[in-house]
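A quick note: this is a predicted structure, and the numbers were derived from the prediction, not measured. Residue numbering restarts at 1 for every chain, and letters A, B, ... go by the order of the sequence lines. All heavy atoms count here, side chains included; hydrogens, waters and symmetry mates do not.
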2 protein chains.
Amino acid sequence: MRELPHPSADNITLAQLMHALSDPARLEIVERLAEGDETCTAIGTGIELHKSTLSHHYRVLREAGLTRTTVDGRTRLIRLRRHDLERLFPGLLDAVLRAVRSQSTGRPSAAR
Amino acid sequence: MRELPHPSADNITLAQLMHALSDPARLEIVERLAEGDETCTAIGTGIELHKSTLSHHYRVLREAGLTRTTVDGRTRLIRLRRHDLERLFPGLLDAVLRAVRSQSTGRPSAAR
DNA sequence: TTTACTGTTGGACAAACATCAAACCTAAGC
DNA sequence: GCTTAGGTTTGATGTTTGTCCAACAGTAAA
């Protein structure tokens with residue numbers, strides 16, 4: 001159960017966070033993570049992107065401080081840093097999750 | 001009191017919104033707009049960027065649906081689209097405004 | 001009309017980004 | 001040891017971005 005390098009909570013900036021959330025693929029990933037922790041392949045199924053591209057997105061999310069990744073054997077588990085983010089920017093993650101859900105289920109003209 | 005082209009509320013996407021908020025300069029602009037409507041030069045004073053660069057940022061914010069710009073004589077008044085955004089993504093703008101405020105006043109290591 | 005003011009537009013340029021493909025790495029399983 | 005499975009890294013490619021500068025456009029004032 002190793003750990004990957006993550007930014008400490010103090011080093012998370014709002015701009016980087018917003019940037020991590022500015023890509024439709026990453027928003028979809030975050031939306032899935034809201035349901036619960038997931039392994040990389042689990043998240044990837046259904047998103048039509050090359051696995052290296054997905055890996056890139058995982059890294060962006062992680063380095064922005066949005067997710068935490070733990071290595072377990074040859075799979076990685078990704079989860080949202082809910083607690084850190086709530087302490088840092090109260091209400092922000094929840095609002096984003098609500099927004100991304102409403103956007104994906106709301107109108108038929110889904111972004112993408 | 002002309003109007004500039006703005007996206008209708010239905011055409012505002014979360015990803016574009018997040019992208020508009022992913023730049024430190026734009027976050028600062030938004031933070032100022034939270035205090036109340038402002039003219040372009042008023043916002044610009046204190047932000048060390050070329051006026052054309054600022055103009056570019058105003059456009060990004062406007063086209064993302066974050067702000068509404070009205071032309072009044074030779075000045076333009078910019079304001080946040082609070083109502084539209086609240087209806088579309090409840091709580092999101094407020095959370096962002098709280099976050100940007102806490103980030104700029106919070107730690108000495110201000111982003112930028 | 002001429003000048004000044006307020007901003008926008010177009011061009012240029014370097015940096016960053018999203019994407020894919022191929023090579024790579026590490027842990028399991030045989 | 002060899003192979004497979006799960007991901008990452010590197011390189012390449014085309015696109016977008018942030019920034020400045022110079023030129024422009026519309027409005028107001030002199």
Please report the distance, rounded to the nearest Å, between CG in B/Asp23 and C1' in C/dC17. 15 Å

Whole Å only: how far is the CD atom of B/Glu63 from the C1' atom of D/dT17? 13 Å

Ignoring backbone atoms, test whether A/His19 places a side-chain nitrogen or oxygen under 4.0 Å from the OP1 or OP2 oxygen of C/dA16. no

Quick one: A/Leu61 CG to D/dG7 C1', roughly how many Å, whole number? 15 Å

Of B/Thr67, B/Leu88, B/Ile12, the one forming a side chain to side chain contact (heavy atoms under 4.5 Å, CB included) with B/Arg81 is B/Ile12

Using atom CE of A/Met18 as one end and atom C1' of D/dT17 as the other, report the distance to the nearest whole Å. 19 Å

Nearest non-hydrogen partners of B/Gly44 and B/Tyr58, listed with the distance: N-OH, 3.8 Å

Between B/Ser104 and B/Glu28, do the side chains contain a donor N or O and an acceptor N or O under 3.5 Å apart? no

Let me know the distance between CD of B/Gln16 and P of C/dC17, rounded to the nearest Å. 18 Å

What I want to find out is whether A/Glu63 reaches A/Arg59 closely enough, with some N-O distance under 4.0 Å, to be called a salt bridge. yes

Whole-Å distance, A/Glu38 CD to D/dG6 P, equals 14 Å

Counting distance only, does the side-chain N/O of A/Arg26 pair as donor-acceptor with the main-chain N or O of A/Leu21 below 3.5 Å? no

Treat primed atoms plus P, OP1 and OP2 as sugar-phosphate and everything else as base, then score nucleotides 5-11 of chain C 5' to 3': B for base contact with protein heavy atoms under 4.0 Å, S for sugar-phosphate contact only, - for none. BSBBB--

So which heavy atom on B/Leu61 is nearest to which on B/Ala20, and how close? CD2-O, 4.0 Å

Can you check whether A/His57 has a side-chain N or O nearer than 4.0 Å to OP1 or OP2 of C/dT19? yes

